[in-house]
Amino acid sequence: MQELCPAQKTAYEHLLKSVSVGNVCVVWSHVGMGRTTILKELHREKGGELLTLKDYIDDLRMQNPLQMEEALEQMLMRSINRNDLVILDDLSLIYDVICGCGFMSPYPRAKYIEAILTSIAAKICETEKCVVFSIDGVIPKPLDSRCFNSSIKKYD
């Protein structure tokens with residue numbers, strides 16, 4: 001076990017409480033503040049499945065490149081069907097690739113990920129299961145309206 005600094009420990013303790021009562025949880029911080037460390041500790045303590053960008057990229061290789069959203073949905077739903085706790089690190093990187101290119105983005109399905117995240121959040125809220133996402137940017141609206149948010153505050 002890696003020792004958490006005080007700011008990480010506070011966020012982790014809040015996350016533990018959130019996971020015990022909520023279906024959708026978010027760990028938020030700026031880049032480099034320890035979200036992955038917190039998620040690994042949660043996975044070590046609570047089990048479930050920890051999904052990374054590598055898992056997503058591996059799944060995406062088997063899809064049409066214009067089906068990034070479906071690859072995310074399939075990966076998450078497969079994991080949700082197998083586990084009571086699913087942890088996805090770095091959702092913001094996936095989100096930014098799909099719809100973070102800004103005005104006049106060439107991606108033809110920009111914001112379709114919002115529908116996918118709405119579907120996943122609605123599905124998980126019907127169960128006794130929990131999904132934890134880590135994010136470093138704006139929390140997508142389908143999650144923000146349904147999640148318990150554990151933030152890592154600035155280090156003292």
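- In the hydrophobic cluster analysis, where Ile, Leu, Val, Met, Phe, Trp and Tyr join through side-chain heavy atoms closer than 4.5 angstrom, Ile116 is grouped together with Val86.
- Note on residues 116-133: no pairs pass side-chain hydrogen bond (donor to acceptor under 3.5 Å, both in side chains), not counting sequence neighbours.
- Summarising the geometry, atom CG belonging to Asp84 is positioned 10.0 Å from atom SG belonging to Cys130; distances are rounded to the nearest 0.5 Å.
- The side chain to side chain contact (heavy atoms under 4.5 Å, CB included) check on Glu13 picks up Lys9, with sequence neighbours excluded.
- In this structure, CG on Leu50 lies 9.5 Å from CG on Leu85, to the nearest 0.5 angstrom.
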(Q) One pair to check against salt bridge (charged side-chain N to carboxylate O under 4.0 Å, His left out): Lys141 and Asp144. What are the steps and the verdict? (A) CA-CA 5 Å; Lys141 288 179 187 173; Asp144 192 34; over 6 Å; no

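- There is no side-chain donor-acceptor pair under 3.5 Å between Gln8 and Glu41.
- There is a side-chain donor-acceptor pair under 3.5 Å between Ser134 and Asp89.
- Follow the hydrophobic side-chain contacts under 4.5 Å out from Ile120 and you never reach Val138; the two are in separate clusters.
- Both Ile80 and Met75 belong to a single network of hydrophobic side chains, linked directly or stepwise wherever heavy atoms of I, L, V, M, F, W or Y lie under 4.5 Å apart.
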Q: Apply side-chain contact (heavy atoms from CB on, under 4.5 Å) to Leu76 and Phe133, showing your working.
A: CA-CA 11 Å; Leu76 283 170; Phe133 299 97; 4.1 Å; yes

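- Cluster membership check: Tyr155 shares its hydrophobic cluster with Val27, using side-chain heavy-atom separations under 4.5 Å among Ile, Leu, Val, Met, Phe, Trp and Tyr.
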(Q) Checking Ile57 against Arg61 for the side-chain contact (heavy atoms from CB on, under 4.5 Å) test, could you report, in this order, the C-alpha distance in whole Å, the side-chain angles of both residues, the deciding distance, and whether it holds? (A) CA-CA 6 Å; Ile57 291 166; Arg61 280 192 184 104; 3.8 Å; yes

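- Linking Ile, Leu, Val, Met, Phe, Trp and Tyr whenever their side-chain heavy atoms come within less than 4.5 Å leaves Leu88 and Phe148 in two separate clusters.
- With sequence neighbours excluded, the residues that form a side chain to side chain contact (heavy atoms under 4.5 Å, CB included) with Ser92 are Ile135, Asp136.
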